[in-house]
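Here is the structure we will look at.
In the text below, chain A, chain B and the rest are named by the order of the sequence lines, each starting its count at 1. Treat the numbers as computed from the prediction; the structure is a model and nothing was measured.
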Amino acid sequence: MSDEQVEVESASDPLQKRARPGEMAIRGFLFICGAISIAVTVGILWELGKEALLFFQDERVSIADFFSGTVWQPQAEVFGILPLVLGTVLISIIALVVAVPIGLAAAIYLSEYATQRVKSFFKPVLEVLVGIPTVVYGFFALTFMTPLLRSWLGSSTVGFFNVASAGIVVGILIVPLVSSLSEDALSAVPDSLRQAAYGLGASKLEVSLRIVVPAALSGIAAAVVVAMSRAVGETMVVTLASGAAPRNFTLGEDALFGYILNPFEAAQAMTGYIVVTASGDLSYNTIDYNSIFAIGLTLFFMTLGLNSLSRRFVKRFRQAYE
Amino acid sequence: MSHTHDINVHFHGELDALERKVLGVVDRAERMVEMAVRSVTTGDLDLAEEVIGMDDEIDRTYFEVHQEWTNLMARFQPLGSDLRKMAVLLQLNITFERMGDQCVNIAKTTRFNDGLPRVERICDQIREMGDLVRPMIRTAVDAYVRSDVDEARLLPAMDQPVDRLNANMYKETVAVSDNKLLLEWATKMMMVSRALERIGDQAVDFAEHAAYLVTGERADFDEKGMAPAVDGNTD
Amino acid sequence: MSHTHDINVHFHGELDALERKVLGVVDRAERMVEMAVRSVTTGDLDLAEEVIGMDDEIDRTYFEVHQEWTNLMARFQPLGSDLRKMAVLLQLNITFERMGDQCVNIAKTTRFNDGLPRVERICDQIREMGDLVRPMIRTAVDAYVRSDVDEARLLPAMDQPVDRLNANMYKETVAVSDNKLLLEWATKMMMVSRALERIGDQAVDFAEHAAYLVTGERADFDEKGMAPAVDGNTD
Amino acid sequence: MTPERTRVASQPNDTEGRAEVASTGATAMPLPPPAAMRTVSVDVHYGDFRAVKDVSLGFARNEITALIGPSGCGKSTMLRCLNRMNDLIPAARVRGEVFFNDRNIYDPGVDPVEVRRKVGMVFQKPNPFSKSIYENVAWGAKINGFKGSKKDMDDLVERALTRAALWGEVKDKLGESGYSLSGGQQQRLCIARAVAPSPEVLLMDEPCSALDPIATLRIEELMLDLKEDYTIIIVTHNMQQAARVSDMTAFFNVDLDGQGHRTGYLVEFSPTAQLFTSPREKDTEDYITGRFG
Amino acid sequence: MTPERTRVASQPNDTEGRAEVASTGATAMPLPPPAAMRTVSVDVHYGDFRAVKDVSLGFARNEITALIGPSGCGKSTMLRCLNRMNDLIPAARVRGEVFFNDRNIYDPGVDPVEVRRKVGMVFQKPNPFSKSIYENVAWGAKINGFKGSKKDMDDLVERALTRAALWGEVKDKLGESGYSLSGGQQQRLCIARAVAPSPEVLLMDEPCSALDPIATLRIEELMLDLKEDYTIIIVTHNMQQAARVSDMTAFFNVDLDGQGHRTGYLVEFSPTAQLFTSPREKDTEDYITGRFG
Amino acid sequence: MSLQTTERPTEGLFPGEQEFQSQLRVRRWRAFLFQGFSLLMLTIAVVALATLLYTIINDSFGLTAVVNQQDPEDVLAGLGHDPATMTMADLSYEELVALLETTLSSGVGRRLEREQRFFEDRLVFESDEVWMEICAESDPPPGCTIGPRGSASVLQLVNERVIAPDVIDSYDLVPSLTNPEAFEAEVRQGFEIGRYGDYEFDQVSFEWRAWFNPTFLTSPSNSSPELAGIRTAILGSAWLVLFTVLFAVPVGVGAAIYLVEFAKPSRLNDFIQTNINNLAGVPSIIYGMLGLAVLVRALEPITSGSLFGVGGSDGRTIISAGLTLGLLTLPVVIISSQEALKAVPDSLRHAGLGLGATRWQTVRSQVLPVALPGILTGTILAVARAIGETAPLILVGAAGFITADPTGPFSAFTALPIQIFQWTSLPQEEFRNIAAAASIALLVLLLTLNSFAVILRNRYSRKA
């Protein structure tokens with residue numbers, strides 16, 4: 001009976017809008033899933049901000065000194081973040097110096113030269129490198145890289161904890177990142193461009209370096225920036241290999257290359273400080289506890305800046321080919 | 001791929017329909033030849049009018065075919081043998097429309113000759129020509145439909161007696177010149193003879209086209225070897 | 001996009017070349033008409049042979065045009081006005097080849113009439129017909145080339161005196177029937193008159209096609225109103 | 001709306017005689033079959049600019065109507081208006097009315113999902129689902145509340161595949177993936193899929209542009225078969241294809257404004273044979289004879 | 001190798017009369033212009049199976065030769081043999097000889113880089129480099145050791161763009177990216193780029209398949225212009241296109257073996273007008289009239 | 001050599017044939033060099049991996065210098081056996097227990113017995129009365145209920161307590177194989193400078209030791225590297241992964257479906273997308289701080305379990321850490337799921353919608369099945385990454401030394417990477433060895449997961 005009615009109704013207007021409650025419920029659930037990510041960001045900003053604010057509100061701390069101070073001695077209640085930033089930046093630069101040439105050349109080889117068989121050997125190897133936990137790299141830095149550097153350059157030149165070892169190992173750690181992202185960018189360059197160049201009588205080198213790499217440049221730049229961001233945020237290698245002492249310095253007094261920028265001395269990085277502080281017996285609402293949040297916030301904005309930059313490159317790259 | 005499917009079923013369907021339409025005109029033309037010859041040799045005015053009436057239909061079909069030809073050409077843009085067939089169909093359409101016109105001319109002669117005396121010898125000769133010409137049309141159509149080059153090659157030989165009879169008409173006409181009325185009738189009949197001879201020629205033309213369709217190359221029967229026995233048949 | 005570029009330059013170049021080739025035949029046909037009439041009215045046998053020789057060339061061109069037409073059709077598959085033009089060109093090619101044949105018929109008559117006496121009045125009449133027919137060809141070609149419908153519409157009127165003169169030939173022929181030789185000559189000249197009248201008709205046909213090309217629709221001059229003044233002109 | 005109107009391609013902006021010609025044409029013609037769909041003064045905007053302006057067309061039942069024109073003329077956009085696929089492009093807005101059996105499908109009360117059920121679509125590239133051949137055809141019926149037994153569904157699938165001239169080729173491998181077929185077969189599978197839920201109208205958006213000439217001819221033949229049961233509207237940039245298959249052809253052209261925006265508009269809507277042999281409009285003539293640019 | 005041989009499409013496997021017909025054709029024709037390239041019994045293998053078998057063709061100087069046939073018939077593969085682009089596919093092997101000006105380009109001493117300089121190529125989809133229009137055209141000349149001044153290069157770029165009928169449209173924006181152009185313009189840019197290093201032969205692999213009909217006609221006109229200076233070999237799956245532009249046409253067909261492998265072979269190589277109006281081979285006739293499958 | 005050529009209009013501007021040929025040689029040489037360079041770089045990357053694995057394996061196996069409390073030979077001889085024909089493993093159960101009885105203090109003995117009895121029918125260290133008493137308590141020790149120890153367990157106890165080996169020095173795998181004498185010399189030298197305290201060189205025996213062995217995997221942590229194992233850490237990691245997956249996968253895939261399939265471009269949806277991209281780049285340690293501040297501190301009543309009346313004192317529990325890793329993994333899961341969904345061609349969606357399906361019908365029946373392998377691959381890789389994370393766990397308070405297996409979401413915990421970190425930071429050489437051994441365990445685990453993902457992806461991409 002009612003069936004018939006429904007049929008008559010639908011016959012009179014078969015296009016009539018229908019209610020679909022299940023569809024709406026699912027839609028609502030999926031939206032909430034999406035919205036959770038906002039909650040995470042808000043949580044990060046709120047908590048880091050709140051604790052950092054407590055830190056800066058402490059009478060022993062001044063914001064200006066925090067960002068310009070070149071000495072970090074929490075025990076003496078001197079909070080200048082620059083020594084920690086110095087450690088982070090030194091390590092990141094060394095890492096990039098190692099990772100960019102290796103990663104980029106490897107990417108070019110894989111994308112332009114390698115036969116399918118060579119690729120099927122090297123690509124999983126690089127993926128395994130990505131998958132290795134950073135703590136294992138830290139172990140590697142401490143038990144292999146540092147002794148190696150010390151035996152090459154002499155243990156008097158190279159400290160047991162040193163920036164170079166950490167930097168090199170972080171570099172190795174981000175090689176696969178650089179190479180796989182760069183290779184993605186290179187592979188995304190349409191094959192038709194290569195064909196066109198070969199068709200004009202170009203050699204393989206000319207095709208690779210003068211057509212493919214320029215075409216993928218913004219993608220490669222994005223890869224490098226992402227790798228840098230990763231290096232900046234890298235924690236375990238840094239904690240284990242570069243030492244637990246901030247490289248406090250005084251501009252003008254300390255030798256620039258002999259000490260401040262010396263890669264063979266120890267220098268605590270921002271992440272290293274956070275971990276070391278947190279893994280000790282940490283009581284809440286102390287200035288130490290709050291200080292790690294101030295540093296964390298700084299770190300957050302540094303990586304955010306780098307990631308935004310990289311996304312801008314990616315966007316430019318996509319516009320060219322999509 | 002040992003055997004061949006016709007993917008273009010619809011086009012070939014339409015092409016066949018057009019062909020049938022054109023060949024249908026030929027059938028009608030053949031009947032018109034018979035009727036026209038009968039009307040002019042017997043002086044049957046009603047039959048003559050009937051023939052003249054039939055031509056309107058042929059003309060209408062002629063325009064229809066032309067229109068459909070253009071549409072088919074625009075829509076399917078045929079190639080190869082299909083294109084050759086299309087070209088032949090267009091030419092045949094013109095030719096057979098003209099055959100119809102020739103029959104009308106013959107029928108009209110019946111009208112003008114009404115009341116004039118007749119020479120039975122000449123009538124016999126015209127009838128003989130008609131009987132010779134009609135199988136030519138049939139043979140040519142056959143050769144075309146069956147794509148039979150050998151059959152098409154029979155046509156020039158079949159045309160020879162027609163041409164001979166036509167040439168003979170001068171003599172017959174001059175022979176009756178003493179009687180003004182007979183002379184007037186005979187000159188008109190000369191035109192009839194001429195029209196029938198022309199229809200025969202058109203059948204030969206037709207056969208040529210049929211041969212072209214099969215071989216893809218023009219075979220000009222008139223020029224190659226089998227010279228026409230009598231002059232003056234190239235109208 | 002206020003003005004239009006012709007992207008299909010090469011096709012339109014080839015189409016134009018084909019058109020020129022067809023129209024070139026018409027020019028030659030016009031000259032042939034003049035020469036054929038002169039030869040038959042003056043009995044100039046050399047001129048007649050020249051005309052007969054010219055026809056070979058026209059036939060050759062006819063086949064060439066047919067070949068090129070097929071090639072052009074296969075290669076460019078024209079649409080719209082281009083397709084209509086192609087259809088018209090094919091019909092014109094047949095028509096003008098036949099015009100050439102008519103001239104050959106006239107010239108051949110010169111040959112057969114050699115040695116026969118002539119009636120100057122009939123010769124004058126034939127010359128007059130020739131003079132009337134040639135401008136018709138010219139006008140029709142003009143109308144086609146300039147796509148001028150109004151000009152094309154002049155043709156049926158121009159054809160009327162030709163038809164009248166042709167109809168008159170019966171009387172002239174019967175008038176000389178007392179002299180067998182003259183009669184023989186006159187019956188032959190009747191065929192000449194008939195050929196010229198036919199050329200005129202073909203020019204009218206031609207004009208029809210020209211009108212079709214411009215309007216995209218067939219205008220059948222014969223059927224619509226302007227009925228032919230004289231019967232027997234529909235060969 | 002009188003039946004004559006359905007063949008009228010009137011452009012209010014241009015009244016010098018086009019509408020006149022069109023209506024003359026309509027009266028001279030025998031009465032056309034009733035229109036399955038028609039559009040009245042449809043405009044499509046993408047964001048701020050007008051992609052298609054003022055299109056009024058009628059699509060006769062059991063006929064094939066082709067939309068042709070240079071690229072950017074809005075023919076595909078127009079097609080997608082007819083089953084509200086344009087809804088999927090966020091920036092697109094449609095003005096004017098599109099009637100399906102005298103119901104405006106852009107009425108607020110109309111469910112686009114239901115519209116698409118009645119107005120099926122076949123796309124440029126063959127896009128079978130990554131399911132078995134059987135499932136490809138059956139799915140459309142299933143989601144539309146097919147209530148029959150397994151046997152009924154088998155029959156439906158066979159009928160649809162037969163209708164798409166594919167049954168003979170696939171009947172022994174209904175369980176294989178749709179991707180195992182060749183391009184032309186895939187497209188016929190997509191047609192079978194579109195046909196299975198019994199739509200009334202089939203929209204085809206350049207259905208052969210990804211196929212080779214042989215597969216193309218086969219699809220064209222299929223369309224001519226299908227029009228016995230369906231109203232078909234096809235977009236093609238291949239003039240020859242439009243000429244070969246369609247009964248009516250609508251020619252669109254495109255205007256460029258100063259900023260490089262393209263606006264498409266309807267130039268001529270005529271029986272196909274007429275449009276390709278003696279078009280009414282000079283623009284059409286220029287386009288089909290290649291005198292254009 | 002007599003000049004006549006260049007027009008012969010002989011298939012040793014099939015001697016019933018094809019070669020006879022071909023040579024008759026050759027003697028009946030006026031002597032063809034000298035061949036710029038020719039292939040002698042070329043086989044192409046992909047891995048274990050034979051993609052193209054036994055193709056002998058001659059490409060006459062300053063003529064356009066079209067290769068047509070159903071998909072999978074190996075026409076593109078054949079084209080890529082002519083400038084050793086097949087070298088880039090690791091599994092592809094070419095047997096037989098390909099002569100460029102009487103030098104076998106598969107001789108061990110010949111560098112493919114050198115071949116490709118002399119035998120330029122235009123591809124299916126327009127593929128300008130992501131550089132400026134100027135750089136797109138200049139690059140090929142640069143890598144080939146162009147040693148003129150900046151002014152000479154400017155002239156070369158202008159000449160190439162003019163040759164490709166693009167100069168007028170781009171002369172005011174040579175610095176803009178090649179991607180800023182429309183599809184048809186991009187393809188003409190690619191032609192300009194191919195022409196700039198002064199090749200002798202231009203290979204075109206379905207150069208219009210990604211373009212709309214207007215852009216297609218323009219490229220076709222351009223090809224007809226270009227043949228004054230270049231020998232052009234074009235692959236197209238559009239028969240009409242082959243018919244429109246080419247002087248000679250080679251029709252390829254394809255055999256399927258039991259395992260579903262396709263082997264392409266040359267069926268007929270004739271003057272274009274002949275091939276499309278009265279082909280010598282029944283297969284050709286069937287293909288062009290749609291009686292095929 | 002050259003291809004014959006005809007005159008071209010640009011003749012003078014291009015090099016002649018000979019010049020072109022010589023340029024060609026240079027170009028070819030340059031191309032060759034660059035190819036070599038890039039291959040070298042690639043090889044360096046591979047060598048780095050090889051070195052890393054080498055280092056770990058090198059440290060996990062090798063010769064050790066061991067000083068035993070009692071020499072097994074002496075023990076055997078003491079029991080009247082011939083040490084030449086027997087090993088400790090050949091001793092009978094009773095003999096082993098007797099050995100323990102003589103060596104262990106009664107306090108230690110009682111504790112061991114309370115953990116698990118030695119014999120079904122009699123007690124060794126405990127008196128029957130006391131045993132009855134303690135088993136009658138409300139919370140009896142496990143020894144009251146479970147069956148007796150097996151011979152393997154007792155043998156292990158004998159090894160630990162009676163023989164009590166002390167590894168005083170260890171040697172890497174490679175030199176152990178190539179030059180074992182050098183190790184002996186090194187140890188001897190060590191004795192000369194008094195590095196090994198009270199031991200005498202005579203006491204030292206040189207033994208092969210695989211630090212990575214079944215006992216290592218199944219033992220709990222221990223302050224002595226010879227006895228330490230990673231069972232607790234493995235179980236901790238497993239619990240963490242469970243919570244990570246439970247949180248990150250449904251939410252992540254849901255969010256990805258929302259963003260790819262349902263979200264129309266609006267300010268909110270753009271913001272969500274940007275936000276996720278940003279989150280993916282946030283260093284893991286920041287998530288650790290978020291977990292510390294929110295989960296450990298602010299939500300302590302929930303995460304410590306005290307709200308539910310179970311668990312311990314603070315929020316440094318498995319659930320806190322698991323959810324922290326879940327948050328960390330979430331953006332990666334979302335982005336990789338998005339990639340997988342975006343890789344499904346739009347034509348499938350159009351086909352579905354064109355048939356009159358709703359959005360969700362299309363997504364569920366057509367899009368998700370196609371995207372699923374991609375989503376799974378991405379999820380596995382993300383989870384693998386989470387397993388290796390260390391820094392955030394340190395922040396949320398993973399314990400370095402706990403020996404008790406985790407019992408539920410509110411237990412304190414440790415995890416494999418934490419264990420590695422702890423051992424690596426300790427100075428004794430032997431902790432290096434077990435750190436290396438733990439690294440092997442972690443790498444094997446991750447490699448298994450990764451190869452699973454790779455296989456999945458390959459199968460998927462082959463089909464597409």
Side-chain angles (χ1 to χ4, degrees), chain A residues 20 23 26-27 29-31 33-34 36-38 40-41 43-44 47-48 51 101-102 105-106 108-109 113 122 124-129 131-136 138-140 142-144 172 175 203-205 229 233 235-236 240 271 274-275 278-279 284 292-293 296 299-300 303-304 307 311, chain F residues 27-28 30-31 34-35 37-39 41-42 44-46 48-49 51-52 55 59 251 254-255 257-259 262 272 275-279 281-283 285-286 289-290 293-294 297 327 330-331 334 358 360 384 388 390-391 394-395 417 420-421 424-425 432 435-436 439 442-443 446-447 450 454:
Chain A
R20 296 187 166 86
E23 183 99 4
I26 286 162
R27 220 176 254 243
F29 167 73
L30 295 175
F31 173 75
C33 289
I36 284 178
S37 71
I38 296 185
V40 175
T41 309
I44 289 174
E47 288 301 334
L48 262 53
E51 306 289 345
I102 296 179
I108 290 175
Y109 187 85
Y113 288 89
F122 279 108
V125 168
L126 289 176
E127 271 164 15
V128 167
L129 275 173
I132 294 174
T134 57
V135 67
V136 176
F139 173 82
F140 176 64
L142 214 55
T143 58
F144 180 81
I172 293 172
V175 159
S203 71
K204 202 144 195 165
L205 173 72
S229 153
T235 310
M236 297 321 295
L240 285 168
T271 50
I274 296 173
V275 165
S279 61
Y284 304 144
I292 65 172
F293 286 90
L299 189 63
F300 178 76
T303 53
L304 186 68
N307 289 328
R311 264 203 315 288
Chain F
R27 284 163 66 191
R28 241 185 263 153
R30 232 188 274 148
F34 181 76
Q35 181 171 1
F37 169 74
S38 58
L39 182 58
M41 290 293 120
L42 185 59
I44 287 177
V46 176
L49 174 71
T51 313
L52 190 146
T55 310
D59 278 346
V251 174
I257 292 176
Y258 172 74
L259 286 170
F262 289 91
I272 293 179
N275 196 47
I276 288 165
N277 294 339
N278 283 334
L279 282 180
V282 169
I285 194 169
I286 304 279
M289 297 171 79
L290 177 71
V294 176
R297 274 190 71 191
L327 290 176
L330 183 64
I334 295 177
T358 63
W360 173 243
T390 320
I394 296 173
L395 267 288
I420 296 168
F421 171 64
T424 307
S425 12
R432 291 270 154 88
S439 297
L442 184 56
L443 286 184
L446 295 182
L447 208 59
N450 278 331
V454 168

Check Thr303(A) against Gly281(F) and note the closest heavy-atom contact, atom names and distance. CB-O, 4.0 Å
Quick check for you: among Asn278(F), Ile420(F), Leu446(F), Ile276(F), which has the greatest number of heavy-atom pairs under 4.5 Å with chain A? Asn278(F)
Residues two or more places apart in sequence or in another chain: which of them pass side chain to side chain donor-acceptor pair (under 3.5 Å) with Thr358(F)? Glu23(A), Gln361(F)
As an exercise: rank Ile172(A), Ile26(A), Ile132(A) by heavy-atom pairs under 4.5 Å with chain F and give me the winner. Ile26(A)
What part of Leu259(F) gets within 4.5 angstrom of chain A, counting heavy atoms only: side chain, backbone, both, or neither? neither
One should read off an interatomic distance between Thr424(F) OG1 and Leu240(A) CG, to the nearest 0.5 angstrom, of 5.5 Å
Where on Phe300(A) is there a heavy atom nearer than 4.5 Å to chain F: the side chain, the backbone, both, or neither? both
Between Leu126(A), Leu142(A), Val275(A), Leu48(A), which shows the greatest number of heavy-atom pairs under 4.5 Å with chain F? Val275(A)
Which residue out of Val175(A), Leu299(A), Thr134(A) racks up the most heavy-atom pairs below 4.5 Å with chain F? Leu299(A)
Counting heavy-atom pairs under 4.5 Å with chain F, the top scorer among Gly233(A), Ala106(A), Ser203(A), Gly131(A) is Ala106(A)
Rounded distance (nearest 0.5 Å) linking atom CD1 of Ile286(F) with atom OG1 of Thr235(A): 8.5 Å
Need one label for Leu447(F): side chain, backbone, both or neither, based on atoms under 4.5 Å from any heavy atom in chain A. side chain
Rounded to the nearest 0.5 angstrom, the CD1-CG distance for Ile44(A) and Leu290(F) is 5.5 Å
Which residues share a side chain to side chain donor-acceptor pair (under 3.5 Å) with Arg30(F), sequence neighbours left out: none
Leu442(F), part contacting chain A, at a heavy-atom distance under 4.5 Å: side chain
Test: Glu51(A) and Arg297(F) ion pair at under 4.0 Å: yes
Would you call the rings of Phe34(F) and Tyr113(A) parallel, tilted or perpendicular, taking 30° and 60° as the class edges? tilted
Proximity breakdown for Ser229(A) and chain F, heavy-atom pairs closer than 4.5 Å: side chain
When the 4.5 angstrom heavy-atom criterion is applied to Leu395(F) and chain A, the contacting part is both
Name the option with the most non-hydrogen atom pairs under 4.5 Å to chain A; the candidates are Val454(F), Leu327(F), Asn277(F), Ile257(F). Asn277(F)
Can you tell me how far CZ of Phe140(A) sits from OG1 of Thr55(F), rounded to the nearest 0.5 angstrom? 4.5 Å
Considering all heavy atoms of both residues, which atom of Met289(F) and which atom of Phe293(A) are nearest to each other, and what is their separation? CE-CA, 3.4 Å
Using a 4.5 angstrom heavy-atom cutoff, name the option from Pro331(F), Gly388(F), Ala384(F), Gly254(F) with the most pairs to chain A. Gly254(F)
Given side chains that start at C-beta, do those of Leu279(F) and Ser37(A) come closer than 4.5 Å, heavy atoms only? yes
Does any backbone or side-chain atom of Val251(F) lie under 4.5 Å from a heavy atom of chain A? Answer side chain, backbone, both or neither. both
Given a strict heavy-atom distance threshold of 4.5 Å, which part of Thr41(A) is in contact with chain F: side chain, backbone, both, or neither? both
Pick one of side chain, backbone, both or neither for Ala293(F), based on which atoms fall under 4.5 Å of a heavy atom in chain A. both
Derivation and outcome, side-chain contact (heavy atoms from CB on, under 4.5 Å), residues Tyr109(A) and Met41(F): CA-CA 9 Å; Tyr109(A) 187 85; Met41(F) 290 293 120; over 6 Å; no
Highest number of heavy-atom pairs under 4.5 Å with chain A among Asp59(F), Ile44(F), Ile334(F) belongs to Asp59(F)
For Asn450(F), is it the side chain, the backbone, both, or neither that has a heavy atom closer than 4.5 Å to a heavy atom of chain A? side chain
Under 4.5 Å from a heavy atom of chain F, the part of Thr271(A) involved: both
Taking the side chain as everything from C-beta on, heavy atoms only, tell me whether Pro133(A) gets closer than 4.5 Å to Leu443(F). yes
Would you mind checking which part of Ile272(F) comes under 4.5 Å of any heavy atom in chain A, side chain (CB onward), backbone (N, CA, C, O), both or neither? both
Could you grab the distance from atom CD1 of Ile108(A) to atom CZ of Phe37(F), nearest 0.5 Å is fine? 8.5 Å
